[in-house]
Amino acid sequence: MLNEKLQQAINKQINAELHSSYLYYSMCAYLQNNGLSGFAHWTKIQAQEELTHANKFFDYVNERGGRVTLTAIEAVPTEFDGVLAVFKQIKQHEELVSELINNLMDVALSVNDHATKSFLQWFIDEQVEEEANVQAILDNLKLINGEGHGMLLLDRELMTRVFVDATQTGA
Ligand code: FEO
């Protein structure tokens, strides 16, 4: 059985993951509308990944005999100030998510729940990867100053991203 405080914290995280997905879909809509199909594609896959994160928490609460409660998802911006601003915001957003996961781990440790600690380790590792992935794109964007032929190449490269449900494969 899940500790009540921990259950509440995980439910909040389910909301945060769904909110992340909503944010990435909004970015995708903006990028698509600005003719950046590859960047848009990358954010759409990111949105799909966030749904798998929410799902992993959802299943875990049920597996532990807890109760999932879904609450309102905070509105997301619909306008952005160019592709560089979008990716800076993604970096900030993923840093915030890493902090949320760390806080969740603190709650699990405070109630001595070793099963949840083990479960959360996947997310700790995943966040390292997420931050690194977006930082690499940001670095490229800065290098080409968001302009010219480099943008076309980067847009094409991001189009090749393939959706993988890492929560199922353990990848
Ligand atoms: Fe679910 Fe991007 O972290």
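Atoms within each ligand, like the ligands themselves, are counted from 1 in listed order.
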(message) So, of the N/O/S atoms that Glu17 has, which is the nearest one to atom 1 (Fe) of ligand 1?
(response) OE1
(request) Just give me the atom name: the N, O or S atom of His53 closest to atom 1 (Fe) of ligand 1. (result) ND1
(message) Test of geometry: compute the angle OE1(Glu130)-atom 2 (Fe) of ligand 1-OE2(Glu50) and round it to 10°.
(response) 110°
(message) So which atom in Glu131 and which in Ser98 form the shortest heavy-atom distance, rounded to 0.1 Å?
(response) OE2-OG, 2.6 Å
(message) Tell me whether Leu120 shares a hydrophobic cluster with Leu96, the cluster being built from Ile, Leu, Val, Met, Phe, Trp, Tyr side chains joined at under 4.5 Å.
(response) no
(request) Indicate, with yes or no, if Ile73 and Phe58 share a hydrophobic cluster defined by side-chain heavy-atom contacts under 4.5 Å among Ile, Leu, Val, Met, Phe, Trp and Tyr. (result) yes
(request) Look at the rings of His53 and Phe123 and say which category their plane angle falls in: under 30° parallel, 30 to 60° tilted, over 60° perpendicular. (result) perpendicular
(request) Specify whether an N/O/S atom of Glu94 falls short of 2.8 Å from atom 2 (Fe) of ligand 1. (result) yes
